[in-house]
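Here the structure comes first, spelled out in structure tokens, and everything after it is commentary.
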Protein chains: 2
Amino acid sequence: MHPYEEIRTELLRRIDERTWPAGFTVPHEEKLAAEFGVARGTIRRALTSLVDAGLIERRRKAGTRVVGRKSHSSTLTIPIVRHEIEAKGERYGFRMLSDTQISASDDPRGLFGDAQLRRTLCLHLSDGQPYQLEDRLVSLEAVPEYEQVVFDKLSPNEWLVAQIPFSSVRTTLSATLANSQDQHYLQLSDKDPVFVVERETQRGDLPITFVRMSHPAYSFKMVTLTDELG
Amino acid sequence: MHPYEEIRTELLRRIDERTWPAGFTVPHEEKLAAEFGVARGTIRRALTSLVDAGLIERRRKAGTRVVGRKSHSSTLTIPIVRHEIEAKGERYGFRMLSDTQISASDDPRGLFGDAQLRRTLCLHLSDGQPYQLEDRLVSLEAVPEYEQVVFDKLSPNEWLVAQIPFSSVRTTLSATLANSQDQHYLQLSDKDPVFVVERETQRGDLPITFVRMSHPAYSFKMVTLTDELG
DNA sequence: AAGTGGTCTAGACCACCGC
DNA sequence: CGGTGGTCTAGACCACTTG
């Protein structure tokens with residue numbers, strides 16, 4: 001246990017037990033350094049990790065204050081679907097259902113300006129059963145080499161994540177009734193709900209890909225964990 | 001722009017443009033410090049932020065390697081429902097539908113051992129319309145003072161987040177058809193999908209609360225953003 | 001204007017772990 | 001064993017922002 005960890009634990013304890021209640025102004029770095037008998041840098045190390053955890057806020061001159069919780073946040077990791085399935089000990093497979101080139105002006109969302117797009121519709125299977133339907137648009141302007149890629153062994157999902165860096169992602173989660181595509185390929189009726197993940201990926205200001213991934217609701221839950229410090 | 005930011009940007013560029021491809025071993029800290037003409041600590045600052053972003057991995061002796069992307073991750077923030085509604089410029093309200101004390105042995109999930117539980121069923125309204133149905137169990141063993149709280153102005157959601165520290169949270173997101181409770185209070189039919197967030201909160205090993213929050217699918221999307229560096 | 005956090009340096013020593 | 005990352009120090013200077 002390093003000094004900065006012990007200090008962090010002690011600070012956590014004070015916040016936890018309301019010795020330092022929400023809104024309280026924490027002693028400044030020099031003072032804490034003196035109290036704990038360490039260099040200022042070591043105190044900073046501990047405080048920075050509390051900032052990252054969202055437990056305190058710091059402003060120059062104003063000082064360091066204990067934050068009142070306003071929300072729970074957790075990190076949502078969306079793995080490559082093959083890894084997700086294999087992690088459950090099931091057998092992964094996928095089928096390319098359609099693979100066409102379209103003009104971005106045909107995309108009602110209008111995310112891609114007037115670029116040429118490759119649209120792939122791909123079914124991911126777990127132990128031979130439909131697991132996820134992936135409907136993807138990729139801009140050939142942003143990723144010219146994508147036009148030539150053959151998806152025999154690797155799915156578009158996997159190829160892109162491995163090959164293409166991105167700078168920002170917007171993810172939307174929703175529940176809805178299966179649309180006609182979902183019904184057909186996931187073997188659902190029009191009364192079945194699906195869990196839908198939609199993702200827009202950009203590199204700089206250039207849109208790379210838009211993907212809609214739908215899961216039969218009966219077989220899908222997304223789990224996230226938050227582990228706060230201490 | 002501080003030196004460590006400029007260095008991080010330059011390192012990002014090298015990873016982005018495959019000058020340093022996935023699997024590549026990055027020069028060690030001393031070498032980078034010499035290259036950029038800064039102290040080793042400044043290099044560390046830059047490298048650490050790349051570790052946090054998941055772009056590189058570091059191991060003693062083995063060195064620093066560029067990671068091949070395996071997933072997208074983003075931070076999912078679940079705000080207090082009142083804030084969520086007010087942020088949209090709508091009027092928040094809530095109605096307590098039922099408020100009972102039960103024994104944990106009546107909870108089929110068996111999360112709470114044999115503690116006494118307070119169970120609240122609460123409807124959150126946006127501009128007077130049903131927005132979220134919250135079905136919550138709170139352990140009176142973990143939070144004795146919860147037994148006496150009166151929820152006239154503050155909802156259980158808000159009271160707990162503000163008052164009770166936690167150490168870990170397990171969140172599950174799913175899509176499902178409205179159950180009978182959902183149908184009744186959210187004014188849905190048995191063919192309507194709902195977006196469900198379930199959360200188990202613990203402090204240490206002590207379970208504090210389990211909550212199921214259901215949203216009518218037609219009005220709810222959860223959006224998360226990832227902003228990678230650069 | 002001054003107090004506070006933010007960055008940087010130059011150095012030391014340590015601990016892990018691959019060779 | 002020795003090379004690498006991880007931690008710590010003692011100091012300096014800077015930049016933001018509040019009183």
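Computation of the quantities below employed the complete heavy-atom set of this structure, encompassing side-chain atoms and omitting hydrogens, waters and symmetry-equivalent molecules. Order of the sequence lines sets the chain letters (A, B, ...), proteins ahead of strands, with each chain counted from 1.
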How long is the line joining [atom1] of [X] and [atom2] of [N], in whole Å?
X     : N      : atom1 : atom2 : result
B:R8  : C:dT7  : CZ    : P     : 10 Å
B:E5  : D:dA15 : CD    : P     : 13 Å
B:K61 : D:dG3  : NZ    : C1'   : 4 Å
A:L50 : C:dG5  : CG    : C1'   : 15 Å
A:E57 : C:dT4  : CD    : P     : 18 Å
A:R59 : C:dG6  : CZ    : P     : 11 Å
B:R65 : D:dT4  : CZ    : P     : 13 Å
B:E6  : C:dG6  : CD    : P     : 20 Å

Just to confirm, is there a sub-4.0 Å distance from OP1 or OP2 of [N] to any side-chain nitrogen or oxygen of [X]?
X     : N     : value
A:R60 : C:dG6 : no
A:T64 : C:dT4 : no
B:R58 : D:dT4 : no

>> Need to verify one output field. Residue with the more 5' nearest nucleotide on DNA chain C, A:H2 or B:P3?
In response: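 Its nearest nucleotide being more 5', the pick is B:P3.
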
Could you write out each protein N or O paired with an N or O of nucleotides 9-13 of chain D at a distance under 3.5 Å?
unit_1	atom_1	unit_2	atom_2	d
D:dT9	OP2	A:A39	N	2.7
D:dT9	OP2	A:T42	OG1	2.4
D:dA12	N6	A:R40	NH1	3.3

>> Between A:E90 and A:Y131, do the side chains contain a donor N or O and an acceptor N or O under 3.5 Å apart?
In response: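 Checked: A:Y131/A:E90 side chains show no N/O donor-acceptor pair below 3.5 Å.
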
> Can we say B:E10 and B:R14 salt-bridge, meaning some charged N sits less than 4.0 Å from an Asp/Glu carboxylate O?
Replying inline: yes

>> Using a strict threshold of under 4.0 Å (side-chain N to carboxylate O), is an ion pair present between A:E200 and A:R109?
In response: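 No.
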
>> Using a strict heavy-atom distance below 4.0 Å, which residues from residues 18-30 of chain B are in contact with DNA chain D?
In response: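 Residues of residues 18-30 of chain B under 4.0 Å from DNA chain D: B:H28, B:E29.
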
>> Using 0.5 Å steps for rounding, measure from the OG atom of A:S126 to the OH atom of A:Y92.
In response: 10.5 Å

> What's the spacing between A:I78 CD1 and A:I80 CD1 if we round to 0.5 Å?
Replying inline: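 Rounded to the nearest 0.5 Å, the CD1-CD1 separation comes out at 12.0 Å.
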
> What residue among B:E57, B:R58, B:E29 forms side-chain hydrogen bond (donor to acceptor under 3.5 Å, both in side chains) with B:T64?
Replying inline: B:R58

>> Can you confirm whether B:R119 is buried at CZ, in the sense that more than 12 heavy atoms of other residues, nucleotides or ligands lie under 6.0 Å from that atom?
In response: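 Incorrect, the count does not exceed 12.
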
> Ring centres of B:Y4 and B:F36 under 6.0 Å apart?
Replying inline: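 No: the rings miss the under 6.0 Å criterion.
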
> Looking across every strand, which nucleic acid part, if any, lies under 4.0 Å from A:R44 by heavy atom: base, sugar-phosphate, or nothing?
Replying inline: base

> If you draw the axis of the six-membered ring of A:F166, does the NZ or CZ of B:R69 fall within 45° of it and under 6.0 Å from the ring centre?
Replying inline: yes

